[in-house]
Amino acid sequence: MDFNLTTSKPSDSEHVKVLIIGSGPAGLSAALYAARAEMDPVVLTGMELGGQVSLTYTVENYPGFPEGVGGTQLVELFQKQAERFGARVEFDTATEIDFSQRPFRVHTYNGEYLADTVIISTGATPIHLNVPGETELTGRGVSYCATCDGWFFKDKDVVVVGGGDSALEEGIFLTRFAKSVTIVHRRNALRAGAILQKRAMENPKIKFIWNTIITEVKGDEAVRAVHLKNVATDEENDFPTDGVFIFIGHNPNTQLFENQLELDERGYLVTDHLMNTNIPGVFAGGEAADPNFRQVITSAGMGAAAAMQAIHFLQEHSETKEESTVRA
Ligand code: NAP
C-alpha cells in the first residue's frame, strides 16, 4: 500500500487526517486527543450522538463526578471539550468504506471523505429476545431504553428481562415511574455487580422471577402480558404487564466492516494492544472492539489510545515522506 497525503480527490470529497466513525465516549475522546495534536479530526456521529451513554440516566462510575453525571450531559461535555481544540462533529453516518488503499475512502449520507487514518468507535446495539410479539409491540410497550421510555409507564406494572448490570440499573431507574418492576431472569443467580444487586433486592417495588424465560410478548395496541416458561420445572403461564424492558446484552455495530477488517466470532473488531486493526492506519476503540469491559471510562481510554496511535502513524508517515523527498 502506498501512503499518499496529498492525493487527488473527487471534488465533492473532503480529505481529512483523522476520521472518527462514531460519537460515543470512545469517538469523542479520540477526537479530543487528535484535536489537541492539531490533526483537525472529523467525527461522524452516526444515528445517535453520544451512543448508548446518552440514553443512560445517570453515570455513577465515571471519575471526576462524585455525585454522578447525566449521560446526555457527559456526552455534551465530551463534545464541547473536543470542539474547543478544533474537532468537528458532523451529524452524518458512514454508509460504505473502502480500506483497500490509502487514503481510505468513506462514503456517508452527505458525501465522501478521504482519510489518512480512520478510528472506528461505532459502539454496540441491544440484543433482542427474538420471541413472537417482540418486534410488533416495540414502541407499544416493548423497549430497550428505560431512560427514553420509562416516563410512559407512570403507575404501571413493568417487566425487565436480564440479570446483568444493565437490567438491574435500568430496573432500579424504572421504579421512579412504575408501580412495580418484575425482573425475569433465566437463572437463579444474577450476573450484576454486588452494589446493584443489593440496591435492587432492597427496593420495595422490585420483585424477581427466577429460572424463567419469556417465550412470547402478548398484546394488541399495547403490551398486555408476557408468556413465561420456568426452565427448571417447564411450567408456563401468562404474566400480566404493561411494559417489557429488555436488557440482555449487546451486539457490536461492525457490519459495515465485515469484508475489510478482522472480526472475532461474535462480530467484535479485532485489535492488538495498540488499538491497531489488521489494516495499518485503521484503529478501533470502545464497545465495537471490546466484548469485556464496556464502561464509559474504558471506552474513553480506548478512544484516547487509538487517537494517540493515529497521531503516531501520521507522524511516522509524514517523516518517511519528507525523508524520501530530501533523498530524491
Ligand atoms: P450482560 O452483562 O451480558 O448481561 C446480560 C444478561 O442477560 C445476563 O444476565 C444474561 O443471562 C441475560 N441474557 C442473555 N441472553 C438472554 C436471553 N436470550 N434471554 C434471557 N436472558 C438473557 O449485559 P449488560 O447487563 O448489558 O452489561 C454489559 C456490560 O456493561 C457488562 O460488562 C456490565 O458490567 C457493563 N455495565 C455496567 C454498568 C455499571 O457499571 N453501572 C451498567 C450497565 C452495564 P446470564 O446471566 O444467564 O448469562
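Please read all numbers here as calculations on a predicted model, not as lab measurements. Start at 1 and go down the list; that is how both ligands and their atoms are numbered. Computed from heavy atoms alone, side chains included, the values below leave out hydrogens, waters and symmetry copies.
Contact annotation: Gln295 has at least one heavy atom less than 4.0 Å from an atom of ligand 1. Within the 4.0 Å heavy-atom cutoff, Asn61 counts among the residues contacting ligand 1.
Scanning the protein heavy atoms around atom 16 (C) of ligand 1, the nearest turns out to be Arg186 NH1, 3.3 Å. Atom 9 (O) of ligand 1 has its closest protein heavy atom at Gly163 N, 3.0 Å. Nearest to atom 29 (C) of ligand 1 among the protein's heavy atoms is Arg294 NH1, 3.8 Å. With respect to atom 1 (P) of ligand 1, the closest heavy atom belonging to the protein is Arg191 CD, 4.0 Å. Atom 34 (O) of ligand 1 has Asp165 OD2, 2.5 Å as its closest protein atom, hydrogens excluded (heavy atom only). Scanning the protein heavy atoms around atom 41 (N) of ligand 1, the nearest turns out to be Glu169 OE2, 2.7 Å. The protein atom (non-hydrogen) at minimum distance from atom 23 (O) of ligand 1 is Gly249 CA, 3.8 Å. Atom 22 (C) of ligand 1 has Ile248 CG2, 3.4 Å as its closest protein atom, hydrogens excluded (heavy atom only).
Side chain of Thr277 to main chain of Val282: a donor-acceptor pair is present (N/O by atom type, distance under 3.5 Å, no hydrogens or angles). In terms of modelled atom types and a separation under 3.5 Å, the side chain of Thr108 and the main chain of Asn110 share a donor-acceptor contact.
With distances taken over non-hydrogen atoms, the option nearest atom 44 (C) of ligand 1 out of Ser166, Ala192, Ala189 is Ser166.
The distance from the CD1 atom of Ile206 to the CZ atom of Phe208 is 6.0 Å, given to the nearest 0.5 Å. Interatomic distance, Leu228 CG to Asp238 CG, rounded to the nearest 0.5 Å: 8.0 Å.
Taking the six-membered ring for Trp and the full ring otherwise, Tyr62 and Phe78 have centroids separated by under 6.0 Å. Checked against the 6.0 Å centroid criterion, the rings of Tyr144 and His128 qualify as a close aromatic pair. Between Tyr113 and Phe104, the ring center distance fails the sub-6.0 Å criterion.
Interface atoms of ligand 1 facing Phe293, defined by a heavy-atom separation under 4.0 Å, are 32 (O). Proximity to Arg187 (heavy-atom distance under 4.0 Å) selects the following atoms of ligand 1: 45 (P), 46 (O), 47 (O). Proximity to His250 (heavy-atom distance under 4.0 Å) selects the following atoms of ligand 1: 26 (O).
For Leu129, every heavy-atom contact with ligand 1 shorter than 4.0 Å involves the side chain, none the backbone. At a heavy-atom distance under 4.0 Å, no atom of Glu60 approaches ligand 1.
A salt bridge does not link Arg105 with Glu14: every distance from a Lys NZ or Arg NE/NH1/NH2 to an Asp or Glu carboxylate oxygen is 4.0 Å or more.
Under 3.5 Å, the side chains of Asn253 and Thr122 contain no donor-acceptor pair of N or O atoms. With hydrogens and angles left out, the side-chain atoms of Asp116 and His15 include a donor and acceptor closer than 3.5 Å.
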